[in-house]
Amino acid sequence: MVSSRTVCVCQGNACRRGGSERVLEALRAIAPSDTTIVASGCLGQCGNGPMVLVLPEEIWYCRVHPTEVLTLVERHLQQGQPVQAMLYRKFHPVNTLA
């Protein structure tokens, strides 16, 4: 089966200090079967992590906490609606994806 989405979870030093390993584990545990979850190298947004990047849409999430993963999966990966409150505003100013 070809994946419809790939979710990159930054595993750079700053993101790892912020708990990105737990975010990665949580995503792998509950992601839809058509979604590939990958541990990425540094995504270059140090200080804003843990960073999560959803491809091919190029939707960036910042400061993702493991407790927010369920919301990200249900709303974005299953329903196709980016989670506005979690978006990285550097790339997604308020209401640009509404």
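Numbers here simply count residues along the sequence, with the first being 1.
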**Message:** Please find the pair of heavy atoms, one from Ala14 and one from Gly47, that lie closest to each other, and give the distance.
**Reply:** CB-N, 4.3 Å
**Message:** Main chain of Pro32, side chain of Gln78: is a donor-acceptor contact present, judged purely on distance under 3.5 Å?
**Reply:** no
**Prompt:** Should the pair Trp60 and Phe91 be assigned to parallel (<30°), tilted (30 to 60°) or perpendicular (>60°) ring geometry?
**Reply:** tilted
**Asked** Between Cys8 and Leu55, is any pair of side-chain heavy atoms under 4.5 Å apart?
**Response** yes
**Message:** Just so I know, are the side chains of Ser40 and Cys10 near enough to count as touching, which here means a heavy-atom distance under 4.5 Å?
**Reply:** yes
**Item:** Nearest-0.5 Å distance that lies between atom SG in Cys42 and atom CZ in Arg16
**Value:** 12.5 Å
**Request:** Begin with the C-alpha distance, continue with both residues' side-chain angles, and end with the deciding distance and a verdict on side-chain contact (heavy atoms from CB on, under 4.5 Å) for Leu87 and Arg89.
**Result:** CA-CA 6 Å; Leu87 292 174; Arg89 296 300 173 198; 3.8 Å; yes
**Item:** Interatomic spacing from OG1 in Thr67 to CZ in Arg22 - rounded to 0.5 Å
**Value:** 9.5 Å
**Asked** Which atom names give the shortest non-hydrogen contact between Pro50 and Gly18, and what distance separates them?
**Response** CG-O, 3.5 Å
**Request:** Starting at OG of Ser20, measure out to CD of Gln11 and round the result to the nearest 0.5 Å.
**Result:** 3.5 Å
**Message:** Quick check against the 3.5 Å criterion: does Thr35 have a side-chain atom that pairs as donor or acceptor with the backbone of Arg5?
**Reply:** no
**Minimum side-chain heavy-atom gap Gln81-His76 below 4.5 Å** = no
**Message:** Do Leu27 and Ile30 sit in one hydrophobic cluster, given that two such residues count as connected whenever their side-chain heavy atoms are within less than 4.5 Å of each other, even indirectly?
**Reply:** yes
**Request:** For Tyr61 and Val83, indicate whether the former's side chain and the latter's backbone hold a donor-acceptor pair under 3.5 Å.
**Result:** yes
Run the side-chain donor-acceptor check on residues 68-75: report pairs under 3.5 Å with partners two or more places apart or on a different chain.
| from | atom 1 | to | atom 2 | distance (Å) |
| --- | --- | --- | --- | --- |
| Glu68 | OE1 | His65 | N | 2.8 |

**Name of the residue among Leu53, Thr36, Leu77 meeting side chain to side chain contact (heavy atoms under 4.5 Å, CB included) with Val7** = Leu77
**Asked** Between His92 and Gln84, is any side-chain donor less than 3.5 angstrom from a side-chain acceptor?
**Response** no
**Message:** Just verifying a value: how many Å separate Leu43 CG and Cys15 SG, rounded to the nearest 0.5 Å?
**Reply:** 7.0 Å
**Request:** Answer yes or no: does atom CD of Glu58 have more than 12 heavy-atom neighbours from other residues, nucleotides or ligands under 6.0 Å?
**Result:** no
